[in-house]
Each structure stands twice: as C-alpha cells, then as structure tokens.
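Numbers here simply count residues along the sequence, with the first being 1.
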Amino acid sequence: MTTPLPGDESQVAAGHFSEGYKERNTLPLSRDHVEPERKSSLSSAHTLSVQESSATGNALSSAAIGERRVGRGWWLFWSALIVLGLCLCTWQINRGQARAQHLEDAASAPELVMPDAPPASASLIELRGEWLPQHSLLLDNRTLDQRHGVAVLTPFKAEDGRWWLVERGFVPTPAPRVDPDVVTPLEPGAIRGRWQWLDSRGTSGGPLFGPNREGQRLQQIDLSAWQALGPPAYAGVLHQVSGIGQFAPWWQPGNMTPERHYAYALQWLGLSLGAAVVMVLGARRQRSSSLHQHHV
C-alpha cells in the first residue's frame with residue numbers, strides 16, 4: 001500500500017466521495033421508479049389490443065351488413081320469380097277450365113229464336129228485326145287471312161223492341177288508320193249468330209292501353225259505347241254466322257284445347273319449383289362462403 005503524502009488528504013477524500021456517488025447511482029432502481037414505466041407499457045399494449053379488436057369488429061360488422069344486403073336481394077329476386085310462375089300457372093289453369101266449359105256449352109248449346117230468357121253461352125240464336133247502322137262502331141286491330149282490318153259492331157233492333165249488339169264480321173282496311181266503307185241493309189230481315197257473354201263490366205276484357213275509343217274505333221267491346229240506346233237485351237255480343245248484312249266470319253272462341261292450357265300451367269309450375277330449389281341451395285352456398293371468409 002502507498003502511504004499518501006500529507007498534502008494529498010483532500011484528493012483522497014474527493015476520490016472516496018466520487019466512488020460512493022457512482023455506487024449509489026449504479027444500484028437497482030426502486031419499485032417506485034419501475035412501476036410507472038410498467039404501467040405505461042401495459043396501458044399501451046391494452047390500447048393497441050382494443051384498437052385491433054375494434055378494427056376486427058368493424059370488419060366483421062361490415063361483412064355481415066354486406067352479407068345481409070346480398071341475401072335480401074337474392075331472396076327477393078327468386079321469391080318474385082316463384083310468385084310470377086305460380087300466377088301464370090293459375091292463369092293457364094283458369095283458361096283451360098274456361099275453354100273446357102266453352103266446349104261443353106257449345107256441344108250442348110240450344111238453337112233459340114227470339115229468346116226472352118238469358119241464353120246459354122255459345123247458343124245459336126236467330127233474331128228478326130232491323131239494323132241500326134248510325135250506331136255502328138269498329139273493333140280495331142283484327143286480322144283475317146293475313147289481312148289487317150276491323151270487325152263491324154252494329155246494334156240490331158229485334159221485332160220485340162229490344163236491341164242486341166252484333167259482331168257482323170271482318171272488313172279489311174284500305175290503309176292504316178283509315179276507316180273502311182261499311183254498307184248496312186236498311187230493310188228488315190233475319191240474322192243468326194253464336195252468343196258470347198261479356199264480363200261483369202259489359203266488356204270483352206283483356207289488356208287496354210290508352211283510351212278504349214278513338215273516333216269510330218274501339219280497342220275492345222264495351223257496351224257503354226251504346227249507352228244512348230239504353231240497356232241491351234242481354235250483356236253480351238252475338239257473332240253473326242248468317243243473315244242480312246253479314247261480312248266475312250272472323251270470330252273464333254279459341255283453338256287451344258284445355259289440355260294445352262294445362263300443359264302450359266305445368267311448365268310454369270315447374271319454373272316455380274326450380275326457382276325455389278335454386279333459391280335455397282344458393283342461399284346455403286352464400287352462407288357457407290361468408291363463414292369461410294370470416295374464419296380466414
């Protein structure tokens with residue numbers, strides 16, 4: 001050991017103080033110093049975890065909303081197609097039943113002369129009287145043998161004073177939207193025709209685009225066009241087959257058999273069933289695909 005010189009006591013004391021200070025500064029940090037830093041680190045980690053969870057939740061929520069929107073559109077489209085097929089199926093069944101009823105009525109229809117009771121549909125009726133040519137109208141957009149024209153509608157006043165609406169037959173038009181010249185006998189005589197009842201409104205029914213009457217033309221038969229004559233004998237139309245003032249026979253009750261209508265109905269029913277199968281299987285596939293994407 002080296003003995004310090006007498007003049008070095010102050011240097012030795014300063015050296016001991018410096019070493020003691022270094023030792024105190026190199027001691028482990030106390031709990032009070034470590035705890036705030038640990039809490040800060042935990043808080044930052046918790047905040048990051050919350051943010052990641054929120055982002056994941058938002059993504060899942062957006063995916064769920066998109067899935068619901070796609071699913072809603074899917075169900076609405078196929079449901080509408082199913083309803084359409086069922087409606088058309090019902091329509092064809094009703095047409096088949098109406099056609100079968102008409103064939104049955106026509107087969108058993110009586111021949112009537114000046115009937116004073118409501119005639120059965122498709123009855124062959126004979127009337128005696130005279131035409132009312134000033135009240136003639138034209139049923140628009142008729143065709144016969146690939147010719148375009150109109151059907152002539154003229155009231156016929158029977159001998160008992162009642163009037164009947166008569167469809168006299170087809171007349172070709174000389175040019176589009178040009179009314180043909182219609183000649184009507186003025187002398188009394190007899191006519192025969194097949195009877196057709198109109199609907200509850202006194203019309204022949206069917207789709208109507210725009211006003212029914214344009215000048216002397218009608219889009220469909222409507223008894224209100226002759227309301228100035230008062231009520232007719234019966235709410236129907238007589239399709240002339242012989243007698244005075246007849247033109248080319250045009251009217252046909254329909255050439256489709258009831259079986260053909262029923263076949264169309266079966267096709268529409270098959271469309272509805274097929275749409276139902278696609279709707280269910282497609283919805284399952286969409287659901288499984290969405291679940292797979294969420295897991296990924």
Enquirer: Can you check whether Pro231's main-chain N or O pairs, donor with acceptor, with Gln227's side chain at less than 3.5 Å?
Expert: no
Enquirer: Which pairs with one or both residues in residues 77-95 pass side chain to side chain donor-acceptor pair (under 3.5 Å), sequence neighbours excluded?
Expert: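 Qualifying pairs, neighbours excluded: Gln92-His261.
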Enquirer: Could you give the distance from CG (Leu165) to CG (Leu229), rounded to the nearest 0.5 Å?
Expert: 10.0 Å
Enquirer: Under 4.5 Å between side-chain heavy atoms, counting indirect links through other Ile/Leu/Val/Met/Phe/Trp/Tyr residues: same cluster for Val150 and Leu144 or not?
Expert: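 No, separate clusters.
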Enquirer: If you apply the rule side chain to side chain contact (heavy atoms under 4.5 Å, CB included), what do you find for Val152 with Leu139, and how did you get there?
Expert: CA-CA 6 Å; Val152 180; Leu139 189 58; over 6 Å; no
Enquirer: Are the side chains of Pro249 and Val241 in touch, meaning some heavy atoms are under 4.5 Å apart?
Expert: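 No; the side chains remain at least 4.5 Å from each other.
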Enquirer: Is Leu127 linked to Tyr234 within one hydrophobic cluster, defined over Ile, Leu, Val, Met, Phe, Trp and Tyr using a side-chain heavy-atom separation of less than 4.5 Å?
Expert: yes
Enquirer: With the side chain counted from C-beta on, respond yes when Pro180 and Pro172 share a heavy-atom pair under 4.5 Å apart, and no when they do not.
Expert: no
Enquirer: Where do Glu104 and Ser108 come nearest, in terms of heavy atoms and distance?
Expert: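 What the structure gives for the nearest pair is O-OG, 2.9 Å.
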Enquirer: Are side-chain heavy atoms of Pro155 and Val166 found at a separation under 4.5 Å?
Expert: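 Side-chain contact under 4.5 Å: no.
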Enquirer: Tell me if the centroids of the rings in Phe156 and Trp131 come within less than 6.0 Å of each other.
Expert: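 Close enough - the centres of the two rings lie under 6.0 Å apart.
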Enquirer: Using a 4.5 Å cut-off between side-chain heavy atoms of Ile, Leu, Val, Met, Phe, Trp and Tyr, which other residues end up in the same hydrophobic cluster as Ile93?
Expert: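 None; Ile93 is a cluster of one.
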Enquirer: For His239 and Val237, work out which heavy atoms get closest and say how close.
Expert: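 For His239 versus Val237, the nearest heavy atoms are NE2-CG1, 3.6 Å.
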Enquirer: Starting from Tyr264, can I reach Leu88 by hopping between I/L/V/M/F/W/Y residues whose side chains sit under 4.5 Å apart?
Expert: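 In one cluster with Leu88: Tyr264, no.
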Enquirer: Please give me the minimum heavy-atom distance between Ala265 and Cys89, naming the atom from each residue.
Expert: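 Between these two residues, the closest heavy atoms are O-SG, 3.3 Å.
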Enquirer: Nearest heavy-atom pair of Val183 and Phe247: which atoms, and what distance?
Expert: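 Smallest interatomic distance, heavy atoms only, reads O-CZ, 3.7 Å.
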Enquirer: Under a 3.5 Å distance rule, please check whether Thr143 uses its side chain to pair with a backbone N or O of Gln146 as donor and acceptor.
Expert: no
Enquirer: Evaluate the side-chain proximity of Ile191 to Glu126: yes if any heavy-atom separation is below 4.5 Å, no if none is.
Expert: no
Enquirer: Phe170 and Trp251: aromatic ring centres closer than 6.0 Å?
Expert: no
Enquirer: Partners of Glu159 by salt bridge (charged side-chain N to carboxylate O under 4.0 Å, His left out), sequence neighbours excluded?
Expert: Arg128
Enquirer: More than 12 heavy atoms of other residues, nucleotides or ligands under 6.0 Å from CZ of Arg177: is that the case?
Expert: yes
Enquirer: Using atom types as modelled and distance alone, determine if a side-chain donor or acceptor of Trp250 lies under 3.5 Å from a backbone N or O of Ala151.
Expert: no
Enquirer: Report yes or no: do Trp75 and Phe77 belong to one cluster of Ile/Leu/Val/Met/Phe/Trp/Tyr joined by side chain heavy-atom distances under 4.5 Å?
Expert: yes
Enquirer: For Arg147, does the CZ atom have more than 12 heavy-atom neighbours from other residues, nucleotides or ligands under 6.0 Å away?
Expert: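 More than 12 heavy atoms, drawn from other residues, nucleotides or ligands, come within 6.0 Å of this atom.
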Enquirer: May I ask you to test the Arg99-Tyr262 pair for a side-chain heavy-atom distance under 4.5 Å?
Expert: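 No, every pair of side-chain atoms sits at 4.5 Å or beyond.
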Enquirer: Distance-only check: which donor-acceptor pairs under 3.5 Å involve side-chain atoms of residues 115-125, not counting sequence neighbours?
Expert:
residue, atom, partner, partner atom, Å
Ser123, OG, Ala120, N, 3.3
Ser123, OG, Ala120, O, 2.6

Enquirer: Closest approach of Ala158 and Met114, non-hydrogen atoms and distance?
Expert: CB-CE, 3.8 Å
Enquirer: Which donor-acceptor pairs under 3.5 Å do the side chains of residues 266-282 make with protein atoms, sequence neighbours left out?
Expert:
residue, atom, partner, partner atom, Å
Ser272, OG, Ile82, O, 3.1
Ser272, OG, Leu86, N, 3.1
Ser272, OG, Trp268, O, 3.3

Enquirer: What distance separates Thr184 OG1 from Gln134 CD, expressed to the nearest 0.5 Å?
Expert: 9.5 Å
Enquirer: Please list every donor-acceptor pair under 3.5 Å in which a side-chain atom of residues 207-222 meets a protein atom from a residue at least two apart or in another chain.
Expert:
residue, atom, partner, partner atom, Å
Asn212, OD1, Gln219, N, 3.2
Asn212, OD1, Gln220, N, 2.9
Asn212, ND2, Gln220, O, 3.3
Arg213, NE, Gly215, O, 2.9
Gln216, NE2, Ser136, O, 3.2
Arg217, NE, Asp179, OD1, 2.8
Arg217, NH1, Asp140, OD1, 2.8
Arg217, NH2, Val178, O, 3.0
Arg217, NH2, Asp179, OD1, 3.2
Gln220, NE2, Gly205, O, 3.3
Gln220, NE2, Gly206, O, 3.4
Asp222, OD1, Ser224, N, 3.1
Asp222, OD1, Ser224, OG, 2.9
Asp222, OD2, Ser224, OG, 3.2

Enquirer: Under a 3.5 Å threshold, yes or no: a donor from one side chain and an acceptor from the other, between Thr154 and Arg168?
Expert: yes
Enquirer: Roughly how far, to the nearest 0.5 Å, is the CH2 atom of Trp164 from the CD atom of Gln240?
Expert: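 It comes to 14.0 Å.
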Enquirer: Report yes or no: does Thr203 contribute a side-chain atom to a donor-acceptor pair with the main-chain N or O of Asp199 at less than 3.5 Å?
Expert: no
Enquirer: Just do the side chain to side chain contact (heavy atoms under 4.5 Å, CB included) check on Glu167 and Leu238 with the steps written out, would you?
Expert: CA-CA 6 Å; Glu167 184 269 306; Leu238 188 68; over 6 Å; no
Enquirer: Would Leu137 end up clustered with Leu132 when hydrophobic side chains under 4.5 Å apart are linked, directly or stepwise?
Expert: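 Linked within one cluster.
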Enquirer: Side chains of Val171 and Arg142: closer than 4.5 Å at any heavy-atom pair?
Expert: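 Result no, sub-4.5 Å side-chain heavy-atom pair not found.
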Enquirer: Are the side chains of Trp226 and Leu153 in touch, meaning some heavy atoms are under 4.5 Å apart?
Expert: yes
Enquirer: Kindly check if the number of other-residue, nucleotide or ligand heavy atoms within 6.0 Å of CD (Glu259) is above 12?
Expert: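 More than 12 within 6.0 Å, yes.
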